[in-house]
J.: 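Here it is: the structure, laid out below.
Naming: A, B, ... by sequence-line order, numbering from 1 per chain. Hydrogens, waters and symmetry mates play no part in the numbers below; they use all other heavy atoms, side chains included.
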Amino acid sequence: MSDVATPTAILKENVWTSNPIFMQVLGICSALAVTNLLVNTWIMTLGVVGVTAMSNLTVSLLKTFIPRKVRMMVQTLIIAFYVIIVDILLRAYLPDISRALGPYVGLIITNCIIMGRAEAFAQSNPPLISLWDGLTSGLGYMGVLLAIALFRELLGFGTLFGYQVLPNAFEPWIIMVMPPSAFFLLGILIWVAKSIMIKQGEPV
Amino acid sequence: MNKQSFVYTVVFTFVVAFIFVALLAGANAMTVEQVRFNQQIRRQRAILTAMDVPYETEQEVAEIFDNVEEVEYNGVSLLQLDFDGETRYAQEVSGGGVWGTIRVILGIQSDGERLLGIEVLEHNETPGLGGRIDEDWFKRQFREKKIIDGTIELNEQPGEGDFDPDSGRIDRITGATGTSTSMRRIINASLEEVLPVLGGER
Amino acid sequence: MSPEINPLALFVASIFTSNILLANFLGMCSFISISKDMKSSNGLGLAVTLVLFVTAGMNWVVYNLVLVPLGLEYLRYIIFIVVIASIVQIIEMIIDRVSPRLYITLGIFLPLITVNCAILGVSLFMEIRQYSFVQSLTYGLGSGLGWWLAIMLLAAIRRRVEKAPVPAGLKGPGITVITIGFMAMAFIGFGGMLPVQ
């Protein structure tokens, strides 16, 4: 953590230098499976951003009232509450996407990033800056997954957000639709990001 | 009040849990109707798509669907629609996939010569593998597919779609042989039931 | 209504052809951090398998005999996580009493498991696919064994990779994730060999 928690410093840290995916490969379980289409990834990560931000805000607001013994449990309860809200909203207003995401929405609960931010930041910071921290952490996560989905959909289907962009002559790469490609792309993204960081002299 | 005391802990946990659960119950109750409506619309759309009936707006779906009748011939229940001067049939069928029940709507021409199309209502196959049965190319293979010897068969090798309507065959999905054979089994079980009825007296 | 699937087929499929980790991406967090070391991998694999088997059965009972009759299905996420956390605690206590030696091996891994997405994932899949009790148990056990197999294989590979000259930016998580990708490809190959998928 940086010593002075200014909003811009938090932004840079959460999206780039301490991006949880690049540094520890945290929290990808709930979302990697849906990265074969941009639309699904977009909605899914939007849900994660919302849940991270709101649970951070709530934990920060309640922090002085939460007894130490049940802290983890209450945090889990707060996170689960927002995840269920997301699930209910999707079911009612975006049924097709809700069907495509299936149980992966529920798995946002076990996304280590959300619990990690609540514990590491919201627990000891005022509400507004916690909201911002949650929001930016979610955005860092969203960026990486959208990048993966961009390549998977473009090369696997020849489309972006469902619109045909590559000519019909383009032969889709079936491997991009299948699970292993998500691992390859994530590995390559981590490689690129870390190489840039090393060049810039950031501590890796 | 001592915040670490036992009583406070229990009361706090209870109150927080109660508030959250109450809020969730409210949100759930507010959307129940919408969810039910969504499911109904989805089923109607799926049936029309499987019958190869074009539609654009939700209103159009509702209008066309008004003419869909549930009929029963010799104990076999079918959905029937007169469209474009011909009678079209569809049946909702389900069966076990690799991971869970697969439910599909199968559209069939009235003479039982060809399929009209299929639409997947529900499945739980692995995304990127068996889950690809819900992709457009896979379903498009069934359009006007000739039914040979009362069945639809799979090609030996996986591929990106067999779009020859006269082949009577479809391509299996790469890495998902089980899901592909499940689809074949589910469809053929339905054909076995429906074809004798269509061929018979009507 | 439960799907017509042979529980045995489910068992084999969940270990090989659609490995919970390699095809569904579940349980990645602890997978990558722990797989550095074979001994820990073994311990964690055993713990995950045990907890998965028990929680799949327990959550089936809670969901089908309590939540469904009461019409509280929408609370399942909270209830599942509470059941998982309690079961992990109970298993921890039982192991401590019965076999202190096993407790030393498993003890440190058990708390990690509550937040392992594979555990919640199996419960959610079991619910959404409407498995019967027996199907849930074999699916839970198979997924656990599949996860165990995958982490042992990865730990073994990582020992070799450590000695290989890897570009600086790719070291650590990067090369590990790509290795998992190759494993996932290899596991898809089981689809052609085993009749179940």
J.: Could you tell me which portion of C:F80 (side chain, backbone, both or neither) has an atom closer than 4.5 angstrom to a non-hydrogen atom of chain A?
T.: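 Neither part.
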J.: Any donor and acceptor pair, going by atom type alone, linking the side chain of A:T136 with main-chain N or O of A:L11 inside 3.5 Å?
T.: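 No; zero donor-acceptor contacts below 3.5 Å.
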J.: Quick one: what part of A:M73 sits under 4.5 Å from any heavy atom of chain C, side chain, backbone, both or neither?
T.: neither
J.: Under a 3.5 Å cutoff, is there a donor and acceptor pairing between the side chains of A:D133 and A:N125?
T.: no
J.: So for C:I128, is it side chain, backbone, both, or neither that comes closer than 4.5 Å to the heavy atoms of chain A?
T.: side chain
J.: Measure from the side-chain N and O atoms of A:T110 to the backbone N and O of A:L107, and report whether any donor-acceptor pair falls under 3.5 Å.
T.: yes
J.: Counting heavy-atom pairs under 4.5 Å with chain A, which one of C:I81, C:I119, C:L120, C:I175 comes out on top?
T.: C:L120
J.: Let me know if A:I175 has heavy atoms under 4.5 Å from chain C in its side chain, its backbone, both or neither.
T.: side chain
J.: Is the distance between the ring centroids of C:Y131 and C:F125 under 6.0 Å?
T.: no
J.: Quick check: closest heavy atoms across A:T58 and A:Y82, and the distance to 0.1 Å?
T.: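 The answer is OG1-OH, 2.8 Å.
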J.: Considering heavy atoms only, which positions within residues 50-59 of chain C lie below 4.5 Å of chain A?
T.: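 The residues closer than 4.5 Å to chain A amount to none at all.
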J.: Given the options C:L124, C:T179, C:L22, C:I178, which has more heavy-atom pairs under 4.5 Å with chain A than any of the others?
T.: C:I178
J.: Count the heavy-atom pairs under 4.5 Å between each of A:S195, A:G106, A:A80 and chain C, then report the option with the highest count.
T.: A:G106
J.: Apply side-chain hydrogen bond (donor to acceptor under 3.5 Å, both in side chains) to the pair A:Y141 and A:T52, showing each step before the final yes or no.
T.: CA-CA 11 Å; A:Y141 176 83; A:T52 320; over 6 Å; no
J.: Do C:W147 and C:N19 pair up side chain to side chain, a donor and an acceptor below 3.5 Å, judged on atom types alone?
T.: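 Not at all, the side chains of C:W147 and C:N19 share no donor-acceptor pair under 3.5 Å.
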J.: Quick check: does any side chain N or O of A:E153 sit under 3.5 Å from a backbone N or O of A:G162, one acting as donor and the other as acceptor?
T.: yes
J.: Would you indicate whether C:F182, at its atom CZ, is surrounded by more than 12 heavy atoms from other residues, nucleotides or ligands within a distance under 6.0 Å?
T.: no
